[in-house]
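Chain identifiers are assigned alphabetically (A, B, ...) following the order of the sequence lines, protein sequences preceding nucleic acid strands; residue numbering begins at 1 within each chain.
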Amino acid sequence: SKSPGFAFPDWAYKPESSPGSRQIQLWHFILELLQKEEYQGVIAWQGDYGEFVIKDPDEVARLWGIRKCKPHMNYDKLSRALRYYYNKRILHKTKGKRFTYKFNFSKVVLVNYPILDMGQNYMSFCLICIKKRKKKYIN
DNA sequence: CACGGAACAT
DNA sequence: ATGTTCCGTG
């Protein structure tokens with residue numbers, strides 16, 4: 001397979017070996033749910049590009065808790081972790097919209113590739129790339 | 001709800 | 001470092 005020759009956000013390149021990345025990252029888990037149609041009643045892309053709504057906060061927290069073996073996880077705690085992403089420029093809050101956040105895909109793209117148009121394909125392209133990298137580390 | 005400080009865990 | 005837990009503030 002050929003390399004896309006495309007710069008993804010820094011946070012999309014956290015190698016398995018890097019400390020603090022041995023466990024699954026929350027942003028990765030969020031993308032994982034977003035990717036699966038069976039969770040569209042729980043969390044889904046909605047509104048602007050990169051924007052998603054947590055339709056069932058309790059359920060997302062429950063699933064995250066299962067993944068991390070934290071049975072007492074809840075939305076209060078999960079959302080605190082999401083808020084730490086603001087300064088890291090991974091996410092930001094869509095103000096005024098309840099349970100709505102937005103991935104900072106676009107900004108990174110525009111900074112690194114001013115010419116590149118922001119097609120709808122970028123999101124799926126990014127997800128595919130993350131997937132590929134994941135496989136690479138597993139093998 | 002949403003925010004962010006602080007202490008703590010891994 | 002990346003969260004988890006707890007909590008005061010608006």
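Within residues 73-82 of chain A, the residues having any heavy atom closer than 4.0 Å to DNA chain C are, in order of number, M73(A), D76(A), K77(A), R80(A), A81(A). Residues from residues 57-64 of chain A placing a heavy atom under 4.0 Å of any atom in DNA chain B do not occur.
Among the protein residues, F29(A) comes within range of no part of the nucleic acid, since none of its heavy atoms lies under 4.0 Å from any strand. Residue contacts for R83(A): at a heavy-atom cut-off of 4.0 Å it reaches a base atom on one of the strands shown. Counting any heavy atom pair closer than 4.0 Å across all strands shown, K95(A) reaches no nucleic acid atom.
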Inset, instruction - Kindly indicate, with the supporting measurements, whether the criterion ring pair (Phe, Tyr, Trp, His ring centres under 6.0 Å) is fulfilled by Y49(A) and F103(A). - result: CA-CA 8 Å; Y49(A) 195 73; F103(A) 277 97; over 10 Å; no
Inset, instruction - With salt bridge (charged side-chain N to carboxylate O under 4.0 Å, His left out) as the test, would you mind laying out the steps for K93(A) and E51(A) before giving the verdict? - result: CA-CA 9 Å; K93(A) 187 74 184 68; E51(A) 200 170 88; over 6 Å; no
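Taking atom NZ on K97(A) and atom C1' on dC3(B), their separation rounds to 20 Å, with Å as the unit. If you measure from atom NE2 of H92(A) to atom P of dC3(B), you get 12 Å, rounded to the nearest angstrom. The distance from atom CG of L91(A) to atom P of dA2(B) is 13 Å, rounded to the nearest whole Å. For the pair I66(A) CD1 and dT4(C) P, the computed distance is 14 Å after rounding to whole Å. Protein atom OH of Y85(A) is 13 Å distant from nucleotide atom C1' of dT4(C), rounded to whole Å. If you take CD1 of I30(A) and C1' of dT2(C), they are 14 Å apart, rounded to a whole angstrom. Computed from coordinates, the Q23(A) CD to dG3(C) C1' distance equals 10 Å when rounded to whole Å. With rounding to whole Å, R67(A) atom CZ is found 15 Å from dG3(C) atom C1'.
One distance of note links CD of Q35(A) with CD of Q40(A); it measures 12.0 Å at 0.5 Å rounding. Between the CG atom of N104(A) and the NE2 atom of H92(A) there is a distance of 4.5 Å, given to the nearest 0.5 Å.
Between K70(A) and dT4(C) there is no side-chain N or O to OP1 or OP2 distance below 4.0 Å. Close to dT2(C), at under 4.0 Å from its OP1 or OP2, lies a side-chain N or O of K88(A). In this model, the phosphate group of dC3(B) is not approached by any side-chain N or O of Y84(A) to a distance below 4.0 Å at OP1 or OP2. Listed pair Y86(A) / dC3(B) meets the phosphate criterion, a side-chain N or O lying under 4.0 Å from OP1 or OP2.
Residue I54(A) comes nearest to Y75(A) through the heavy atom pair CD1-CE1, 4.0 Å, listed as atom of the first residue, atom of the second, then distance.
For K93(A), the listed nucleotide lying nearest its side chain is dC3(B); candidates were dC3(B), dC1(B), dG3(C).
Scored by the side-chain hydrogen bond (donor to acceptor under 3.5 Å, both in side chains) test, Y39(A) finds no partners at all (sequence neighbours excluded). Residues that satisfy the side-chain hydrogen bond (donor to acceptor under 3.5 Å, both in side chains) test with Y84(A), not counting sequence neighbours, are R80(A). When the side-chain contact (heavy atoms from CB on, under 4.5 Å) test is applied to D58(A), the partners found at least two apart in sequence or on another chain are D56(A). Y85(A) pairs by the side-chain contact (heavy atoms from CB on, under 4.5 Å) definition with Q25(A), L26(A), W27(A), L82(A), K88(A), I90(A), L91(A), not counting sequence neighbours.
Between Y101(A) and Y86(A), the two ring planes are tilted [angle within 30° to 60°].
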